Amino acid sequence: MKNIKELDKQYVAGTYGRFDIQLDCVQDGKICGEGKEYIDFGTGIGVTAFGACDSEWVEAVTEQAKTLSHTSNLYYTSPCVSLAQMLCERTGMKKVFFGNSGAEANECAIKCARKYSFDKYGEGRKTIITLQNSFHGRTLLTLSATGQDVFHQYFGPFVDGFKHVPANDIDALREALTDDVCAFMFECVQGEGGVIALEKEYLTQAEKLCREKDILLICDEVQTGNGRTGSLYSYSQFGITPDIVSTAKGLGGGLPIGACLLGETVENTLTPSSHGSTFGGNPICCAGAVSIISRLTDSYLEDICNRAKYLWDKLACLDFVECVSGLGFMIGLVLKDGMDTKAFINACAERGLLVLSAKTKVRLLPPLNTGVETIDKAIAIMTEAAKAIKS
Ligand SMILES: *Cc1c(COP(=O)(O)O)cnc(C)c1O
């Protein structure tokens, strides 16, 4: 009989370069498979916010699965409302549209910005400015928004109306904000692009320029959101107030959910049947998300910042780390002396620590409840891994 890896290669579309690792279950907070156990500093790419199968989340999701699993958006249900209310009260945003992924949250954000402009100014104001090196998703619209040439292959024609400008270059942005522009879209910390935080001063100036022309600010918090960077959403640390915020990944704690948060300017832009999603607002996904967001109190977020700082300090002391980038528990590492990122990541896995990459960097997205003991263990494994590939 063929094993899981062989069957995967035979039957699952080959769109992923998987690690040579099979994962089966969680035991004592560690991910297990093939007789090995791992500290998980990848969290399913920033998804399992409090670790895979965290008990509060499991309880919330199983209770909801037994109560009411799915109804469609033709009816009112409680978990979806609770989550929307919680998100609005915590952020000051006014309304929420629910989808199932980050790309869908961004689709909603872009459609909403274009409709806002169409309703107010008519045709001809459809362009969205995004940043070079950004990542906004894999659908044709969000690939078009993504400011990296490698994503603009094979699948054309792409969607018109996107212009990509260099990050942290306020003159380039000023020049790009012509009369055909309706929105400026960005990640406060570029994730897939290499865990790079934007400059605060740049975003302050960008917000000012956009406000002068009624150009909407769309903040893509798909990866940075839901406590990942030490605040509920990262934009608050950059002192700006977006009109639209998209989020997903960590929001559902492991189930597919995306949310597009709509501020006052656009709260009534999306009207009945102008947008929709069959699974959006699914009760089980929303119950899981409520269990995540309700734990991210201000004091808990402060606690995340303290533990993240402990990790940053430890990383800065490692002799094989050139520099540390990112924010909070969203971290990129440049390794010294041309040390091979892929070899390092594999060496960590062999020693029981799962980490990710972003471009040429090592990327760490640990669970938000990671304590100092686990951090110390992870640091020890990274040190061993670096030693092993150097020799
Ligand atoms: C992951 C990601 C997306 C896409 O999310 P999916 O759930 O894979 O569709 C969009 N934007 C950013 C910033 C992301 O990190």
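These figures come from a predicted structure and were not determined experimentally.
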| query | Are the charged groups of R351 and E384 less than 4.0 angstrom apart, N to O? | reply | no
| Charged N to carboxylate O below 4.0 Å: is that the case for R211 and E207? | yes
| message | Under 4.0 Å between a side-chain nitrogen and a carboxylate oxygen: does that hold for D376 and K314? | response | yes
| query | If you look only at pairs with a residue in residues 324-342, which of them pass as a side chain to side chain donor-acceptor pair (under 3.5 Å), with sequence neighbours excluded? | reply | S325-K361
| request: Dump the intermediate steps for side chain to side chain contact (heavy atoms under 4.5 Å, CB included) on I128 and V181, then the final yes or no. | output: CA-CA 6 Å; I128 318 258; V181 174; over 6 Å; no
| request: Taking the side chain as every heavy atom from C-beta outward, state whether F186 and T130 have any atom pair closer than 4.5 Å. | output: no
| query | Does a salt bridge link K5 with E34, judged by any charged N lying under 4.0 Å from a carboxylate O? | reply | yes
| request: May I ask you to check if R18 and Y16 form a cation-pi contact, with NZ or CZ under 6.0 angstrom from the six-membered ring centre and within 45° of the axis? | output: no
| message | Here's one to test your reading of the geometry: is the NZ or CZ of R295 within 45 degrees of the ring axis of F50 and under 6.0 Å from its centre? | response | yes
| field | Within residues 212-229 or reaching into it, pairs that qualify as salt bridge (Lys or Arg N to Asp or Glu O under 4.0 Å) - sequence neighbours excluded | value | K120-D214
| Under-4.0 Å salt bridge between R174 and D171 | yes
| message | Check this for me: does any side-chain nitrogen of one of K94 and E267 sit under 4.0 Å from a carboxylate oxygen of the other? | response | no
| Is the distance between the ring centroids of Y38 and F19 under 6.0 Å? | no
| Would you call K2 and D8 a salt bridge, taking side-chain N to carboxylate O under 4.0 Å as the test? | no
| Listed once per pair and sorted, the ring-ring contact (aromatic ring centres under 6.0 Å, His included) pairs that draw on residues 340-367, sequence neighbours left out | F320-F344
